[in-house]
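Below is one structure; the comments refer to it alone.
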Amino acid sequence: MSVTKDTQLELHRMMMLIRLFEEALEEMFSRGLLHGTMHLSIGQEATAAGACLALDKKDLITSTHRGHGHCLGKGADPYKMFAELLGREDGYCRGRGGSMHIADLSNGNLGANGIVAGSLTISVGAALSFQLQKKENIVLCFFGDGAVNEGSFHEALNLASLWNLPVLFLCENNQYGMSMASEKAVAGESIASRGHSYGIESIQIDGNDVEAVYESVSTCKDEILSNNRPKFIEAVTYRYRGHSKSDRNLYRTSEEINFWKDEKDPIKRYIGKLLEQGITEVDLKEIDEEVKNTIRTSVKKALDSPLSPITNLEEDSYA
Amino acid sequence: MSVTKDTQLELHRMMMLIRLFEEALEEMFSRGLLHGTMHLSIGQEATAAGACLALDKKDLITSTHRGHGHCLGKGADPYKMFAELLGREDGYCRGRGGSMHIADLSNGNLGANGIVAGSLTISVGAALSFQLQKKENIVLCFFGDGAVNEGSFHEALNLASLWNLPVLFLCENNQYGMSMASEKAVAGESIASRGHSYGIESIQIDGNDVEAVYESVSTCKDEILSNNRPKFIEAVTYRYRGHSKSDRNLYRTSEEINFWKDEKDPIKRYIGKLLEQGITEVDLKEIDEEVKNTIRTSVKKALDSPLSPITNLEEDSYA
Amino acid sequence: MPELSVGQAINNALSLILKEYPNAFIAGEDIGIYGGAFGVTDGLLETFGEERIKDTPIAEDVIAGLAVGAAMTDSKPIVEMQFSDFIVNAMDPIVNQAAKLHFMYGGAVNVPIVVRGASGAGTGAAAQHSQSLESWFCHVPGLKVVTPSNPQNAYDLLLHSFVDPNPVIFMEHKLIYKIKDDVVLNNIPSNSELLGQAKILSEGNDITIVSYSNMVNAVKGAISSDELSEISAELIDLQTLSPLDMQTIITSVSKTKKLLVCQEAPANSSVGSTVISNVVQSDAFSSLSIAPKLVSGLHSPMPSAKHLETTVIPQKEDIMQAIKDMV
Amino acid sequence: MPELSVGQAINNALSLILKEYPNAFIAGEDIGIYGGAFGVTDGLLETFGEERIKDTPIAEDVIAGLAVGAAMTDSKPIVEMQFSDFIVNAMDPIVNQAAKLHFMYGGAVNVPIVVRGASGAGTGAAAQHSQSLESWFCHVPGLKVVTPSNPQNAYDLLLHSFVDPNPVIFMEHKLIYKIKDDVVLNNIPSNSELLGQAKILSEGNDITIVSYSNMVNAVKGAISSDELSEISAELIDLQTLSPLDMQTIITSVSKTKKLLVCQEAPANSSVGSTVISNVVQSDAFSSLSIAPKLVSGLHSPMPSAKHLETTVIPQKEDIMQAIKDMV
Ligand SMILES: Cc1ncc(C[n+]2csc(CCOP(=O)(O)OP(=O)(O)O)c2C)c(N)n1
Ligand SMILES: Cc1ncc(C[n+]2csc(CCOP(=O)(O)OP(=O)(O)O)c2C)c(N)n1
Ligand SMILES: [Mg+2]
Ligand SMILES: [Mg+2]
């Protein structure tokens, strides 16, 4: 498979959008504008961007507590995301969800989830709907390396395999749960080998190589739809920031963090590749400026937008 | 390893005890003497007898809803078991547990459990105690093929492997959950291969060959204690009776049931082997008579014993 | 008008749903060829096939979780918890997902699922197969909780639960499955108006008795006993435990001036305590002529032996005694 | 007498336990080098090593389940649920195992475990990280439930929970972790006599206010406000929610003739409803001069935005209003 130039630029643009979106959040947080905590995926943009851009709008994703990238990747409006984190009426969840729980049904995002592994069984159910409705779409389920050890993971993969459901399990292995190194938490050979044990074809990829992610998700999607079998991808990546805002990063070295930042950064690496392939600094600069502008205006608009009105929340609890 | 003649006779005796114990229960049930349902392991005696007799008294077991065999195997008094099922004061649980929940701490049985896979995490905790207390004992955790698909199974095996706990997971694969064939419920290669995926050495054995069970449990125990690694055995067996008393057996053929009864019965097969090896019909007859007698007198004594008095059950709920 | 047991009535309701809603399916353990542990789904596999009657592995978390995901994507799942005790393994999808997603996502999604389960004691199945856990779910905003007591309301309430746009926990007491009565086989309603409505089973002036699920039948036995024939009791079957129909209860108590609540579950943090607490916080407080009373199961796990089991569960005689003490 | 925050007080209690009980250990997610999501186990790994401070995978079911198995075999486990909301993943070991085994096995085993968890809202963590689920566990026979409100009782109650022979659910409201006060570092008690004892925080004659956990602090704020300086309120901190110390409450209500209960959790099937229900079923019913009242969280999942979150959680002002309405 070869990735077109347009797609390449789009992949770059999306990674930049995610990075700048989260850097803007960080800055808003430090200015005391945000209530609650948040989980930044800075450093992991390639997985979200590559995976989501390989999908159709009608393909669904389920996301995690570290879900800003997934959400943007699937086409969400940064303005509505900022608005959500600021508790504004225009936010995706009208200020009820916040950072950890943004859903964007219009773009096929079934929602971020504050519960580790909470979306695995949900993705299986959504895939069952596709199967029953005979739709040619898949569900892509994002989860972290920490989620692999929850009972839900096991039950979800077993059922998806037994019932031949069109679901792509995508583990973002950023090598740590909150503080626990994945090798201390996952017994056995590897995370990908866990998929095998349910009879699900599983591969491990470089999650910081955005084209590799894009291509393997595209291929997996095709295979899922042609073989009627679920698939499993372990994408190896790394987060630069602490787990959440209260993290002192005691469980890893700054050498390790710097190694990933310096040597493996998905955006830097991809820029290098694109320049080699003849895309110009000017092309990229134009994209980056546009993204910066989007973020800047979105933040401003969100800050200027009205708070979510206080409605009857007991009534809002029921459909 | 060679099994001594004494052990051989003991293995035979134990299988007979379990068989006759449950046949007596069946008969009591049909006479309306028992309240509640029960799960009979008739046909599966070799696994319980072989496994339990390979353990020391200080080794622990955890058991299941189909646990009469495990309990007897670990040395329980049939009288106290009958008494329990009849709601008598002398019952192991003073009439509070019944068929599905007999514990016998004095013989190292941490208890049967009415929850499928309910004892897996408990066995891991008990094994952790052994590890912390530096004891040279293991915990043998019995569970059915149906339990393999519960989230608890996954979490328990992962942790046992990570922490090098002295636990032997023993799956009694009688090929059905309640009505669901194990191959429709367990995705992937085999139940034993599930063990592998956690880095736990796993084997499949003939669960109707009592010596094979005895020997592999003995070997596994030695290895667990010398390597400090958990182990996993899948013992293939078959239940003759319905899942519980309400089963119409619609999910399997009578041919299949008869095949196992006629060709694979663990007791019949073992008698054949023992006779070949020079043990006489008279030896066996003596054992069988003794067992019959034990059952007969235990039933009678239990029926004659007083009901559990009605105490303050709210107080009994707390230690 | 056929005479049906509760089990058959539910089976009929399920059949009708599957017939009329192509996007409806049922999932659960042993619900196919076995027909369910209590026979409720008997015959449905034959009629509707494996696509719609989905036998699952023993894995309650994914059973409930798949229902949530399916419901968010235009399917209409009904799932069975073989014994409602096993719902403990499905608390995340039910409590942290189904109950919250509609609100948490700002109203953008609905999660219309029905989780049916066999609840209650009386069969000697002991502590892990005999619980009445419905009170828990009433504590969880976003869930509705429904408990039938007889064939007709089992049939109707299940249809209404099905068309409700919210997740509904539907608890069927094991001992009601065999209760038989004539049942009007109503059509599927266009909305769930029956949910949230208590039903006055008998009108009376001396005392209001509030109950639900199988305990309603024990109360019926008590008030129709010869010994109590002089007493005019108003019996209210809650039917829906969340939301509670407090208006019906308060109106009744204001009339009778006495309130007795009867349930099988233990008292602490329960439906019965809530009913009493709500009544005394209402205007009806001042009309109460004596202290209200809750007859409930003991605060004890369920023992297996019959004579101990009946000690834990309120019996007709206990209810009669409470009525006599109050009137 | 050191000044400690609640977090530090619990940390001290844990330290003491680990020092004095070689068979005690702690297990949970990120409790080692990270020191726990709320810093409660900070430094314990250094002192006690990996054998006793056991960092686990993210797997709540086995965390609680291993505690049950360990407790049955002479260990004394304390486990941490990072946020108590995740206890939904551990309901089987807690509810169907820990709570029942002692009774179900006829008294042959004890399951002395402590399950600590960070509960409650107020940090903007939204619906899945802000629940107050303690009422559920009060509904389960066999469990004890404990909720500290300040550094001293956090310290003492944890020690008493530890020596109790039963499974104890110990819910620490997130917002109390930072509250500081002088703490007497008592020794480990020989029995758990403190469990089941409510504490009268201030004596008064005009109204009895029952509360627990962080809401106690809101009530304190309310009754010490200038606006209410004329009102003599008797404030009772339940401390233990199961078993409930009804005697202390009833005695107080008989004196003040008025009962207000304040909690963060929603009302249905809750501790607060139980307190009111129990009081009106007692002799205190006739001494009540007006209807009792429960101020509780809304029946709604917790929203993330601050202004919505404070709408769901009772605020000092809501409590003041309720008091003014009643006195
Ligand atoms: C059921 C559950 N347990 C624990 C947590 C607390 N928690 C939130 S994120 C997290 C780490 C998750 O690690 P991973 O799955 O690898 O995702 P990552 O944070 O690395 O993206 C933990 C322990 C939770 N939210 N849900
Ligand atoms: C958590 C849970 N789910 C469902 C059940 C109901 N149930 C009891 S035994 C059983 C089948 C178990 O199959 P398996 O583990 O193979 O054991 P077997 O009965 O074959 O010995 C089922 C579904 C239960 N007791 N616990
Ligand atoms: Mg991770
Ligand atoms: Mg089986």
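Residue numbering restarts at 1 for every chain, and letters A, B, ... go by the order of the sequence lines.
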C:Lys255 atom NZ, over 12 foreign heavy atoms within 6.0 Å: yes

Turns out that what part of D:Val279 lies under 4.5 Å from chain C's heavy atoms comes down to neither

Honestly, the part of C:Val261 sitting under 4.5 Å from a heavy atom of chain D is neither

How about C:Leu133 and D:Trp136: do any of their side-chain heavy atoms sit closer than 4.5 Å? no

Rounded at 0.5 Å granularity, tell me how far CD in D:Glu60 sits from CE in C:Met91. 14.0 Å

How many angstroms lie between atom CG of C:Asn268 and atom CG of D:Asn278, to the nearest 0.5 angstrom? 6.5 Å

I need the residue from D:Gly142, D:Pro266, D:Gly297 with the largest number of non-hydrogen atom pairs under 4.5 Å to chain C. D:Pro266

Min side-chain heavy-atom separation C:Phe103-D:Ser300 under 4.5 Å: yes

Side-chain touch C:Ile276/D:Ile276, heavy atoms, less than 4.5 angstrom: no

Validation row: C:Lys100, D:Gln131 side chains within 4.5 angstrom (heavy atoms): yes

Kindly give the heavy-atom pair with the smallest separation between C:Pro301 and D:Ala99, and that separation in Å. CG-O, 4.3 Å

Any side-chain heavy-atom pair from D:Met302 and C:Met104 closer than 4.5 angstrom? no

Sort out for me which of D:Val88, D:Asn89, D:Asp85 touches chain C most, counting heavy-atom pairs under 4.5 Å. D:Val88

Heavy-atom pair of closest approach, residues C:Ser269 and D:Thr274: N-OG1, 2.7 Å

Minimum side-chain heavy-atom gap C:His139-D:His139 below 4.5 Å: no

Pick one of side chain, backbone, both or neither for D:Ser296, based on which atoms fall under 4.5 Å of a heavy atom in chain C. neither

D:Ala126 portion near chain C, given a 4.5 angstrom heavy-atom threshold: neither

Below 4.5 Å, heavy atoms only, C-beta onward: do C:Phe285 and D:Phe285 meet side chain to side chain? yes

Taking side chain as everything from C-beta outward and backbone as N, CA, C, O, which of these in D:Ile290 sits under 4.5 Å from a heavy atom of chain C? Side chain, backbone, both or neither. backbone

Side chain, backbone, both or neither of D:Ser242 within contact of chain C (heavy atoms, under 4.5 Å): side chain

Residue part contacting chain C, namely of D:Asp92, when any heavy atom lies under 4.5 Å: both

Would you give the length of the straight line joining atom CG of C:Asn96 to atom CD1 of D:Ile87, rounded to the nearest 0.5 angstrom? 11.5 Å

Straight-line distance of C:Ser273 OG to D:Gln281 CD, nearest 0.5 Å: 7.0 Å

